[in-house]
Amino acid sequence: MHGTWSWHKKALLAALGALAACSPRQADSRSATVTSAERRHPVSNLPVVPLTVSGPAGKRVFRVEVARTAAEQARGLMFRKAMGADEGMVFVRIPPDRASFWMRNTLIPLDIIFVGADGRILNIAANAVPHDETPLPSAGIAAAVLELNGGRADKLGIRPGDVVRW
């Protein structure tokens, strides 16, 4: 990874396993060691990290869960009944690939934001419909996927080309 990604993003990428949350792709079972300083989400018990999206509409900060094991990645936001306005989940694609997500067993609408290797948003599958199994593909090679509450990206002016950092 290079370009606009900072050293801590590179470290996070190196530590996270391949993902497949909400996707038919198999996840890698590699996992990173969790430090005692990491904040944990009260529902999933996953680590929570700050993530920013910067673009013409400004800089927005989110607190996102990071799924690290194959089981965590496969579950993703499935069965979640609610999520805070500035919360989300990030999935790192190792290696980066053409991602395709679906909404199987997902109870809340989501904006599925595909992020390229340069940290820029490739495309957004806005307001993905709960329980819908229609594949929602990336518009190119995705190094990460960010899930936010449905409609949040549009409300905040988040667009393709904006930069994602964590």
Side-chain angles (χ1 to χ4, degrees), residues 1-34 38 41 44 46-56 59-78 83 87-106 110-128 132-150 152-154 156 158-166:
M1 299 286 122
H2 54 80
T4 61
W5 289 31
S6 62
W7 70 268
H8 64 278
K9 180 168 280 173
K10 291 177 187 177
L12 181 61
L13 282 172
L16 295 174
L19 77 104
C22 304
S23 170
R25 179 181 136 161
Q26 284 287 42
D28 188 320
S29 62
R30 294 175 289 174
S31 67
T33 303
V34 177
E38 287 183 316
H41 191 273
S44 67
L46 293 176
V48 176
V49 300
L51 177 144
T52 61
V53 178
S54 301
K59 180 177 177 180
R60 304 296 180 178
V61 179
F62 300 92
R63 301 290 299 169
V64 298
E65 299 167 64
V66 181
R68 295 177 189 229
T69 68
E72 292 165 350
Q73 294 164 4
R75 184 172 178 95
L77 290 171
M78 289 185 196
M83 185 167 58
E87 293 181 351
M89 185 173 281
V90 66
F91 307 94
V92 179
R93 310 290 292 187
I94 299 176
D97 65 356
R98 289 194 176 271
S100 184
F101 278 38
W102 60 39
M103 295 290 286
R104 177 183 288 171
N105 298 319
T106 305
L110 296 173
D111 286 345
I112 302 173
I113 302 170
F114 298 95
V115 182
D118 63 356
R120 294 189 178 278
I121 295 174
L122 298 168
N123 64 301
I124 301 170
N127 283 304
D132 188 359
E133 294 187 20
T134 303
L136 302 168
S138 62
I141 302 299
V145 180
L146 170 63
E147 292 181 338
L148 302 175
N149 281 305
R152 194 78 174 129
D154 186 55
L156 298 175
I158 295 171
R159 302 282 184 261
D162 289 357
V163 176
V164 178
R165 297 183 198 270
W166 70 92

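Not measured: the values here are computed from a predicted model.
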> Yes or no on side-chain contact (heavy atoms from CB on, under 4.5 Å) for Ile141 and Arg98, after CA distance, side-chain angles and deciding distance?
Replying inline: CA-CA 5 Å; Ile141 302 299; Arg98 289 194 176 271; 3.7 Å; yes

> Step by step, would you call Ile158 with Ile124 a side-chain contact (heavy atoms from CB on, under 4.5 Å)?
Replying inline: CA-CA 9 Å; Ile158 295 171; Ile124 301 170; 4.2 Å; yes

> Taking only residues two or more places apart in sequence, or in another chain, which ones meet Arg159 in a salt bridge (Lys or Arg N to Asp or Glu O under 4.0 Å)?
Replying inline: Asp154

Kindly give the heavy-atom pair with the smallest separation between [X] and [Y], and that separation in Å.
| X | Y | value |
| --- | --- | --- |
| Met89 | Leu46 | CE-CD1, 3.7 Å |
| Gly116 | Leu122 | N-CG, 3.6 Å |
| Pro50 | Arg63 | CD-NH1, 3.3 Å |
| Leu110 | Thr106 | CD1-CG2, 3.8 Å |
| Val145 | Ala99 | CG2-CB, 4.1 Å |
| Ala126 | Asp111 | CA-OD1, 3.3 Å |

>> Donor-acceptor check, side chain of Arg93 to backbone of Ala143, threshold 3.5 angstrom: yes or no?
In response: no

Calculate, to the nearest 0.5 Å, the distance between atoms [atom1] and [atom2] belonging to [X] and [Y] respectively.
| X | Y | atom1 | atom2 | answer |
| --- | --- | --- | --- | --- |
| Ile113 | Arg152 | CD1 | CZ | 11.0 Å |
| Ile112 | Glu147 | CD1 | CD | 5.0 Å |
| Met78 | Met103 | CE | CE | 10.0 Å |
| His41 | Met83 | NE2 | CE | 8.5 Å |
| Leu136 | Phe101 | CG | CZ | 10.0 Å |

> Between Leu51, Val53, Thr52, which is the residue that forms a side-chain contact (heavy atoms from CB on, under 4.5 Å) with Arg165?
Replying inline: Thr52

[Y] side chain reached by [X] side chain, heavy atoms, under 4.5 Å:
| X | Y | value |
| --- | --- | --- |
| Trp166 | Phe62 | no |
| Asp162 | Pro56 | yes |
| Val49 | Glu65 | no |

> Between Ser138 and Asn123, does a side-chain contact (heavy atoms from CB on, under 4.5 Å) hold up when you go through it step by step?
Replying inline: CA-CA 6 Å; Ser138 62; Asn123 64 301; 4.1 Å; yes

